[in-house]
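So you know, we letter chains A, B, ... as the sequences are listed, proteins then strands, and number each from 1. Computed from a predicted structure; not experimentally measured.
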Amino acid sequence: MRNFLKISVCIILVCTGILISLSLKLFSYQRKDFKALLEKVILCPEVVNYWGIKEVESYRGEQKFYIKYEIIYLAPDRMWMKYIKPDKLSDREVIRRNGRLYSKNRRSGRFSLERGRYPVIDFEIKKENLRLLFKNYKINFHEDEIVSNRENAVFEIESRSCKKPRMNVWIDYETGLVMKYEQYFGENKINSYWFDEIKINPEIDKDIFSFKERFDKKSTDLKDYFSLESIEKDVDFPVVKSKEVAYGYVFYKGNITLRRNNKIVHLLYTDGLDNISIFMNRLSRRDRQRFDEGEIKIRTERGRTVISKMENNVHLSLIGGLEKKDMMQIFFSINNTGK
Amino acid sequence: MKCKEFIKNIVQYQKGEVDSSLKDEMDSHLSICASCREELNISKEMAEVLHNVNVINRDDYFWNDLYRNVRNLRIGYRIAREKYPSESYVLSFWDRFLKPALMGFSFGLLLFLSFLYFDLKSGGLLGRGEASFTSDEIEFYINEHSLSENGNIFSQEGLTSVFVSVQE
């Protein structure tokens with residue numbers, strides 16, 4: 001009897017062990033699978049050409065924005081798009097070439113730099129961000145789905161810590177192209193885009209990307225800084241010292257923008273998916289009168305939480321899409337300007 | 001009598017201010033000349049119309065004042081005052097004080113309101129704290145932030161946020 005019990009316990013332990021190891025292996029396999037797909041996603045813009053019709057929906061509080069456009073992408077850098085909707089923007093053309101984004105003036109027919117500077121946005125995806133993504137988010141797998149006649153892997157990505165945007169992503173198995181994307185905050189959808197139609201590696205007329213570049217005095221190249229120290233050297237005030245703030249946001253890069261002859265430092269922090277921004281500038285004597293030293297102001301504008309304060313004549317603003325209490329946590333975790 | 005002579009005296013004839021010999025001559029001319037008859041009729045009609053028109057009679061003061069003002073405008077008031085010291089230049093209380101004061105006040109008010117408008121717009125001296133901070137800086141920061149907001153691994157074209165920010 002005693003031996004029987006011993007054998008039974010042994011069998012149970014062995015079975016449990018096998019089950020645990022199998023589940024672990026399955027998980028690691030899924031994780032590895034997901035990582036392989038993400039690497040494909042990163043590689044996709046470098047190698048895949050396509051033509052498509054894409055729709056974008058974006059919500060900012062009560063407001064909803066809807067855009068539909070035709071897109072031609074020629075790897076690794078060229079892109080042409082034309083608005084279909086909304087009507088007020090229809091037929092407006094945008095071309096990306098050599099990392100710069102140009103939009104066509106409908107009256108003159110000339111192309112000029114979007115926002116008058118380069119780059120409009122740096123969308124270089126760093127592999128380091130994958131590490132952050134796995135650290136800060138958990139991935140749930142769903143059943144495969146067909147979008148625009150292509151088979152897609154479907155993932156749900158949600159934060160491990162505070163209430164952050166949650167994402168559903170449809171990734172084309174063959175190319176790594178993101179066919180559909182939905183971003184939610186709580187139960188509310190905040191962003192989504194999807195392909196209505198798509199053709200992979202079609203014949204593309206390269207002439208559509210050619211136009212005479214107009215010399216624009218206003219355009220200024222935006223330099224990227226990848227360390228806080230290098231930014232501090234180029235401004236006359238101390239910048240924040242924190243490379244990492246609450247909820248896993250890590251300093252990613254910074255820019256210095258000139259506005260009304262004032263240098264504004266923009267620091268971008270990412271947790272692998274979501275970004276928050278810190279803006280800093282030295283206030284003029286006149287502007288200092290508008291703020292009380294150390295007083296913190298919180299507001300919500302266009303669906304983003306903005307927290308700001310003035311300290312040692314330096315104005316700091318934190319902007320992000322999280323809830324006020326979470327943004328406050330981040331705000332207090334910032335190692336401030338120092339003396 | 002010739003038509004020319006008849007026309008020359010037609011107004012006096014109409015008023016009955018011509019002597020009898022001339023009147024006889026004109027009467028006999030009228031009986032034979034259709035065009036002068038027509039001319040007389042027109043003249044009568046015109047007299048009738050003019051009789052009904054009200055003409056405002058200005059007094060001497062008006063004409064003297066008008067003359068003085070035109071003259072003074074031509075030579076300048078200061079010179080006129082020296083040249084014609086006997087003439088009175090009395091201005092009413094409205095013209096002398098109230099009118100310039102009202103004009104000055106309106107001009108000042110206009111200046112103040114435009115200053116206030118531009119100052120509030122730029123969040124300057126009068127705008128303090130939250131209200132002044134709102135518009136410009138926050139708008140700029142949010143626009144900059146929104147460009148980077150969707151610049152994550154899944155925005156392969158990196159453009160979604162740009163398009164949305166164009167609309168916003």
S.K.: What part of N255(A) gets within 4.5 angstrom of chain B, counting heavy atoms only: side chain, backbone, both, or neither?
M.R.: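 Neither part.
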
S.K.: Just jot down the salt bridge (charged side-chain N to carboxylate O under 4.0 Å, His left out) partners of R166(A), sequence neighbours excluded, or say none.
M.R.: E156(A)

S.K.: Measuring from atom CZ of R304(A) to atom CD1 of I138(B), what distance do you get when rounded to the nearest 0.5 angstrom?
M.R.: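 Rounded to the nearest 0.5 Å, the CZ-CD1 separation comes to 12.0 Å.
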
S.K.: How many angstroms lie between atom CD of E301(A) and atom OH of Y141(B), to the nearest 0.5 angstrom?
M.R.: 13.5 Å

S.K.: Could you check whether atom NZ of K23(B) has more than 12 heavy atoms from other residues, nucleotides or ligands sitting under 6.0 Å from it?
M.R.: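 Count not over threshold, so no.
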
S.K.: For D24(B), give me all partners under salt bridge (charged side-chain N to carboxylate O under 4.0 Å, His left out), at least two apart in sequence or on another chain.
M.R.: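 Salt bridge (charged side-chain N to carboxylate O under 4.0 Å, His left out) check on D24(B) returns nothing, list empty.
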
S.K.: Can you give me the closest heavy-atom contact between I142(B) and V306(A), atom names plus distance?
M.R.: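 That closest heavy-atom pairing would be CD1-CG2, 4.2 Å.
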
S.K.: How long is the straight-line distance from CG of L318(A) back to NE2 of H145(B), given to the nearest 0.5 Å?
M.R.: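 H145(B) NE2 to L318(A) CG: 9.0 Å, rounded to 0.5 Å.
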
